[in-house]
Amino acid sequence: MKCRMCGFEFDETELENRGCVSCGKHDNCNQVHCPNCGFGNHPEFEEEFEFITKLKDRFRKRKSGH
């Protein structure tokens, strides 16, 4: 995962407690806190941003091809 705040890349599966020690919502927290800056990243947003990026690339390729 790449932190959207500082750009630090890390493996969220290797974080103890998903990095959620400081947010206070231990039971229902789906955020992954960056070990570098502490920013709470949402894994669901990662998938959405990846989809949007691929879609934008597809449109650019189509536009440049015509």
Side-chain angles (χ1 to χ4, degrees):
M1 171 177 275
K2 185 174 183 177
C3 178
R4 287 186 304 281
M5 179 65 74
C6 71
F8 183 72
E9 292 192 33
F10 60 96
D11 185 356
E12 69 273 11
T13 61
E14 293 182 4
L15 293 176
E16 193 172 304
N17 295 326
R18 291 173 49 103
C20 193
V21 176
S22 62
C23 85
K25 299 188 319 184
H26 300 287
D27 294 333
N28 296 323
C29 184
N30 61 350
Q31 294 186 40
V32 178
H33 293 268
C34 174
N36 187 52
C37 72
F39 182 74
N41 295 279
H42 289 276
E44 295 83 17
F45 290 153
E46 289 296 315
E47 294 171 12
E48 290 177 22
F49 287 130
E50 185 178 334
F51 170 76
I52 291 169
T53 301
K54 287 180 181 178
L55 193 61
K56 285 171 51 179
D57 289 342
R58 184 177 292 170
F59 284 131
R60 282 189 195 123
K61 288 178 184 176
R62 243 187 226 175
K63 188 176 182 180
S64 65
H66 291 288

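Computed from heavy atoms alone, side chains included, the values below leave out hydrogens, waters and symmetry copies.
Contact between F39 and C3 at its shortest, heavy atoms only, is CB-SG, 4.0 Å.
To the nearest 0.5 Å, atoms CD (E12) and SG (C34) are separated by 11.5 Å. Within the model, atoms CE of M5 and CG of N41 stand 8.5 Å from one another, a figure rounded to the nearest 0.5 Å. Summarising the geometry, atom CZ belonging to R58 is positioned 12.5 Å from atom OG1 belonging to T53; distances are rounded to the nearest 0.5 Å.
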Start with the C-alpha gap between R60 and D57, add the side-chain angles, then the distance that decides, and say whether salt bridge (Lys or Arg N to Asp or Glu O under 4.0 Å) holds.
CA-CA 5 Å; R60 282 189 195 123; D57 289 342; 3.2 Å; yes
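Looking at P35 and F8, their side chains come closer than 4.5 Å, going by heavy atoms from C-beta outward.
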